[in-house]
Amino acid sequence: MNLIRFGKDFFLQDTKTVSKNLLGKFLCKKTDLGLVITKIVETEAYLSKNDPACHASTKKTKRNEKMFEEGGISYVYLIYGAYYCFNVVTGQKDSGEAVLIRAVEPISGTDIMKSFRPVEKTKNLSNGPSKLCLALNITKKENGFDLIKSDELFLADNENIPHSDIITTTRIGITKGADLPLRFYIKNNEFVSKK
DNA sequence: TTATGGATCTTCT
DNA sequence: GAAGATCCATAAA
């Protein structure tokens, strides 16, 4: 498979634009067992302004500092003391914006993913933000990774999803800013966490 | 040093 | 469909 990486320009666009553009693209992870390739099917945008749900909405801390870097790196954090969530940092340095990858569809290396996260149905392998982190073996060690240059964790180009097949709704699992329409997913895709 | 809450998942009915 | 598990990071004192 021919994997084409994105340039920095891709990540410096408007965060909502990047959120939509990431749909249908590949998220790749090199593991000890081989290369895993997945397709992004669901994202959420977290903005710096007028968005109380964003970790960067309050102030810069040791935990969210990666969100303030220039776009093109990863931001991984622990939630509920037990699960990881994977974000792609976007925008200029100090903007404090990112895109949460909520769900992916296994493309290649499905068996490897199942070795990290045993499930009966492939459909349940990566249809959630923490599920995909487990399946791709993404942990705190992957925080602050360079997604443009790294060969271990990176994004690659693929199909563009037609605008008519992108559904925009409100975000999930948050208590603040829950009414903002910043969640995007691919229409009729089985691997979306919730419709 | 202590208290509290959270961008979730799994298990049970 | 509904509720409990679980523990780190942050903020307050």
Side-chain angles (χ1 to χ4, degrees), chain A residues 11 14-23 27 38 40-69 71 73-91 95-106 110 113-145 147 153 155 166-186 189-195:
Chain A
F11 301 99
D14 174 76
T15 300
K16 281 184 280 189
T17 302
V18 177
S19 300
K20 283 186 264 193
N21 287 350
L22 279 175
L23 293 175
L27 172 63
T38 64
I40 298 170
V41 300
E42 181 180 354
T43 63
E44 283 182 3
Y46 283 86
L47 311 177
S48 60
K49 294 178 181 177
N50 302 319
D51 184 4
C54 180
H55 285 177
S57 67
T58 51
K59 60 183 175 183
K60 196 171 178 177
T61 65
K62 191 176 181 183
R63 178 200 190 195
N64 66 19
E65 63 183 359
K66 293 293 181 284
M67 275 183 108
F68 291 91
E69 296 290 319
I73 67 170
S74 63
Y75 167 47
V76 180
Y77 71 94
L78 192 63
I79 187 64
Y80 298 123
Y83 301 102
Y84 290 104
C85 291
F86 172 70
N87 298 249
V88 176
V89 178
T90 58
S95 65
E97 304 203 340
V99 177
L100 168 69
I101 308 300
R102 283 197 56 86
V104 298
E105 175 182 343
T110 307
M113 294 174 74
K114 285 184 178 175
S115 72
F116 287 119
R117 185 181 142 71
V119 290
E120 291 184 15
K121 297 178 181 177
T122 303
K123 185 181 170 185
N124 294 327
L125 187 58
S126 56
N127 62 339
S130 293
K131 294 179 184 178
L132 71 89
C133 283
L134 291 171
L136 290 174
N137 198 25
I138 294 173
T139 68
K140 210 172 181 178
K141 280 185 288 188
E142 276 72 24
N143 190 27
F145 244 69
L147 301 173
L153 177 64
L155 295 157
I166 296 178
I167 309 291
T168 301
T169 63
T170 52
R171 292 174 296 185
I172 291 177
I174 54 176
T175 55
K176 293 173 286 191
D179 56 336
L180 299 172
L182 295 174
R183 174 169 173 253
F184 311 97
Y185 65 88
I186 301 176
N189 187 290
E190 284 298 307
F191 291 87
V192 170
S193 64
K194 190 181 171 187
K195 292 174 189 170

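Numbers restart at 1 for each chain; the letters A, B, ... are given by sequence-line order, proteins then strands.
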Heavy atoms under 4.0 Å, any strand shown: does A:R171 hit a base, just sugar-phosphate, or nothing? nothing
Note, A:Y77 side chain near A:N87 side chain (heavy atom, < 4.5 Å): yes
- Message: Could you tell me if A:E105 and A:S126 have a donor-acceptor pair between their side chains, going purely by distance under 3.5 Å?
- Response: no
DNA chain B nearest-nucleotide lookup for A:K176 and A:V119: closer to the 5′ end is A:K176
Contact check, side chains of A:D14 and A:T90, non-hydrogen atoms, under 4.5 Å
no
Checking B:dC9, B:dT10, B:dA7 against the side chain of A:I79 (C-beta onward), the nearest is B:dA7
Next item on the list: Answer whether the closest heavy-atom distance between the side chains of A:T169 and A:P181 falls below 4.5 Å.
Entry: no
Please confirm whether the shortest side-chain N or O distance from A:R102 to OP1 or OP2 of B:dT8 is below 4.0 Å. yes
In whole angstroms, the gap separating P of B:dT8 from CD1 of A:I101 amounts to 14 Å
Any strand, both distances under 3.5 Å, Watson-Crick or G-U wobble: C:dT6 pairs with none
A correct 5'-to-3' footprint of nucleotides 4-13 of chain C, with B, S and - meaning base, sugar-phosphate only and no protein heavy atom under 4.0 Å, is --BBSSSS--
So do the side chains of A:F184 and A:L23 get within less than 4.5 Å of each other, counting heavy atoms only? yes
Please tell me whether A:K131 and A:N127 have a donor and an acceptor in their side chains that are separated by less than 3.5 angstrom.
yes
Applying the 3.5 Å cut-off to both distances, the Watson-Crick or G-U partner of C:dA12 turns out to be B:dT1
To the nearest angstrom, the OH-C1' distance between A:Y46 and B:dG6 comes to 11 Å
